[in-house]
Amino acid sequence: MTDITTPTALDLHRQRNTATGALDEIRGLIAESGVEYLYYQAVTITGRVVGKVVPARHLARNAEKGVQLHRTAVANLQADRAGNLLGGGAEAAEFTALPDLDTFAVLPWDTSIGRFFCRLYEPDHRPGVGGQPLATDVRGNLIRLHADFTERTGLELRSGCEPEMTWTGPGLDARFRPGSSPAYHVDHLERYRPIYQKVIAYAQALGLDMIEGDYEDPGQLELNWMFDHADLTADRLVVYRQICRQVARELGVKASFMPKPATGMMGNGCHHNLSLWRGDQNVLADPGVTELHLTEIGRHALGGILTHAAGSMAIMGSTVNSYKRYWDSGQFAPSQINWGMDNKTCTVRLSANGRLEFKLPDAMVNPYLSHAALLAAIDDGIANRIDPGPAQSGSSYTGETGFARLPLTLGEALDAFEADQVVKEALGSELVELYSRFKTDEWARFCGVVTDWEHTMYSEDAP
């Protein structure tokens, strides 16, 4: 009797990669472009890109076997305050990173290099779990979660991001009248022309359909691309950040995605613009209705987003610095869990029929985690018909609004995250544990550091 072994997720991925003709197009592009090296890259729990470089002649081997990385790479090989490596320790098993062949691209700034995004798996030899998806793979988790959501509901989440960031360097200082703003000033765009031209050119070469951009605050540039399936948008945000880092190197300037670069200036957000589709229909809007409105399913999706806003804050604002953006609420950052009809002071803004603008994510957000949390919140809202409540009327910053406030420190956000079973279930217990340990350690480190502000306030304050 033949022993039939059920193929693992890793086996199935290998079969796709090694099927007849699977590598033919990539081989052609490699030959045409002169690619000599390949990056096999993965994304960590904080959104950092890690991986390996391999000579391109080993393509067939890596398509089947992938590359191996130490398990703690998913947590940036970060040690906690006690010196323990997060995510597995020094003796933990490696994981297998297997390329998704449809993500192949040639780097436009050096066409001798190509790259793949990879999905991560337990190595074959691990008893009981060999070949299973790595539980701490944020990208793989989003792909699986979204596929399951679509299979159950028939709906697809599409999104577009607004990645604000700060550029500094020679000749980039802002010049404007006191009390006014340099936002939208074309003269400032002109001074940033070498930056935006390179960023847009590289982005287009890597498959981002760039659509518009502007200068928003001192040093702050926002360049947007067309919305798409949430999985693709997450990949493209990571690619966009890599592009900006490369352009900064080439031009001798600095590119920063720090959420709040300085007190009194605009924070760097990464608003997520969301829509839900069933086939070719956007189910958030009724066809033919022109005034701003939400369909019933749209209201329930919104209700879920608001219900889990606090629980997802540790993801949307993932750093200590993130919360300086929410405290400086007069800069159009949200401060309460509310929504409004084209109201820029709210957590969620109905910006157009069929589109919800979710304003919590900042420029350092991990897009695989943010979209996973949003999918879980939307799913819960629709399944339980959650009512979002009334829309905010007027500014959220003046007086009592009756809406709950957002967590305003990373410590508060981690407490809310721990209490939100819906968001945690979307990530899975192992990823939740690792993310919580990483961010709790980050918060503890900050709480133990003496800052310049403390010296200014207290060093000579007594007697």
Side-chain angles (χ1 to χ4, degrees), residues 41-51 72-78 86-87 97 103 117-120 133-146 157 159-165 229-245 256-260 267-272 274 305 308-309 311-323 325 358-377 407 410 413-414 416-417 420 423-424 426-428 430-443:
Q41 63 183 39
V43 182
T44 74
I45 61 171
T46 67
R48 175 180 289 183
V49 181
V50 296
T72 56
V74 295
N76 304 340
L77 284 89
Q78 174 71 50
L86 296 169
T103 66
F117 278 98
C118 295
R119 271 184 261 185
L120 313 182
L134 187 72
T136 50
D137 175 16
V138 293
R139 182 173 178 272
N141 180 68
L142 174 61
I143 291 170
R144 293 189 299 273
L145 189 73
H146 199 170
L157 177 63
S159 66
C161 293
E162 300 178 43
E164 297 168 338
M165 61 181 299
H229 192 284
D231 300 11
L232 294 175
T233 293
D235 280 351
R236 288 166 183 163
L237 180 58
V238 171
V239 171
Y240 180 79
R241 290 170 176 166
Q242 291 181 291
I243 290 168
C244 291
R245 189 68 69 200
S256 175
F257 291 93
M258 187 173 177
K260 189 69 171 178
N268 287 318
C270 188
H271 300 173
H272 289 15
L274 311 169
I305 292 171
H308 298 287
S312 66
M313 274 292 285
I315 291 170
M316 308 303 171
S318 61
T319 74
V320 170
N321 179 256
S322 299
Y323 295 83
R325 171 173 164 256
F358 183 54
K359 299 181 68 177
L360 291 189
D362 66 34
M364 287 190 70
V365 70
N366 183 326
Y368 304 103
L369 294 180
S370 62
H371 283 93
L374 281 165
L375 273 170
L410 181 58
L414 287 167
F417 177 63
D420 196 313
V423 172
K424 291 199 300 181
L427 305 185
E430 194 171 333
L431 179 52
V432 165
E433 181 183 2
L434 178 58
Y435 190 79
S436 296
R437 285 187 62 197
F438 190 104
K439 288 300 172 180
T440 298
D441 182 75
E442 185 173 323
W443 176 240

Between His229 and His146 (judged by ring centroids, cut-off 6.0 Å), do the two rings come close enough to count as a pair? yes
**Message:** Is any side-chain heavy atom of Thr319 closer than 4.5 Å to one of Pro259?
**Reply:** yes
Taking atom types as modelled and ignoring hydrogens, do the side chains of Asn76 and Thr46 form a donor-acceptor contact shorter than 3.5 angstrom? yes
Any donor-acceptor N/O pair, Glu164 side chain to Gly269 backbone, under 3.5 Å = yes
dist Met258:CE -> Asp362:CG (nearest 0.5 Å) comes out at 10.5 Å
Taken to the nearest 0.5 Å, the spacing of Gln78 CD from Leu434 CG works out to 11.0 Å
For this session: Kindly indicate, with the supporting measurements, whether the criterion side-chain contact (heavy atoms from CB on, under 4.5 Å) is fulfilled by Ser370 and Phe358.
Result: CA-CA 11 Å; Ser370 62; Phe358 183 54; over 6 Å; no
Asp441 meets the salt bridge (Lys or Arg N to Asp or Glu O under 4.0 Å) criterion, sequence neighbours left out, with Arg445
Item to complete: Would you check, one step at a time, whether the test side-chain contact (heavy atoms from CB on, under 4.5 Å) holds for Arg139 with Leu120?
Response: CA-CA 9 Å; Arg139 182 173 178 272; Leu120 313 182; over 6 Å; no
Ignoring hydrogens and geometry beyond distance, is a side-chain donor-acceptor pair present between His371 and Thr233 at under 3.5 Å? no
To the nearest 0.5 Å, atom CG of Leu237 lies from atom OH of Tyr368 at 8.5 Å
Scanning both residues in full, the closest heavy-atom pair of Ala372 with Asn141 reads CB-ND2, 4.2 Å
Here the gap from Glu442 atom CD to Lys439 atom NZ, rounded to the nearest 0.5 Å, amounts to 3.5 Å
In terms of heavy-atom contacts, Ile315 and Phe417 come closest through CD1-CE1, 4.1 Å
Correct closest heavy-atom pair for Pro367 and Arg241 would be CD-NH1, 4.0 Å
In short, Arg119 meets Ile143 closest at the heavy-atom pair NH1-CG2, 3.7 Å
TODO: Count the heavy atoms belonging to other residues, nucleotides or ligands that lie under 6.0 Å from CD of Glu162, then report whether that count exceeds 12.
DONE: yes
| Got Tyr240 and Cys161 here, is their nearest side-chain heavy-atom distance under 4.5 Å? | no
What verdict does the side-chain contact (heavy atoms from CB on, under 4.5 Å) test give for Val74 and Leu431, after you've listed the backbone C-alpha separation in whole Å, the side-chain angles of each residue and the deciding distance to 0.1 Å? CA-CA 10 Å; Val74 295; Leu431 179 52; over 6 Å; no
- prompt: Does Ser322 reach the side chain of Leu410, with side-chain heavy atoms less than 4.5 Å apart?
  reply: no
Looking at side-chain heavy atoms only, is the closest gap between Val50 and Leu77 below 4.5 Å? no
Value for CG (Leu134) from SG (Cys118), rounded to nearest 0.5 Å, stands at 12.5 Å
Verdict with supporting geometry, Val138 and Tyr435, side-chain contact (heavy atoms from CB on, under 4.5 Å): CA-CA 10 Å; Val138 293; Tyr435 190 79; over 6 Å; no
Test item: Gln41 and Phe117 side chains (from C-beta on) under 4.5 Å apart, heavy atoms = yes
Minimal heavy-atom distance between Gly47 and Asn366, with the atoms involved, is N-ND2, 3.4 Å
Taken to the nearest 0.5 Å, the spacing of Met364 CE from Cys270 SG works out to 12.0 Å
Backbone of Lys260 reached by a side-chain donor or acceptor of Asn321 within 3.5 Å
yes
Q.
For Arg144, I'd like to know if atom CZ has over 12 heavy atoms of other residues, nucleotides or ligands within 6.0 Å.
A. yes
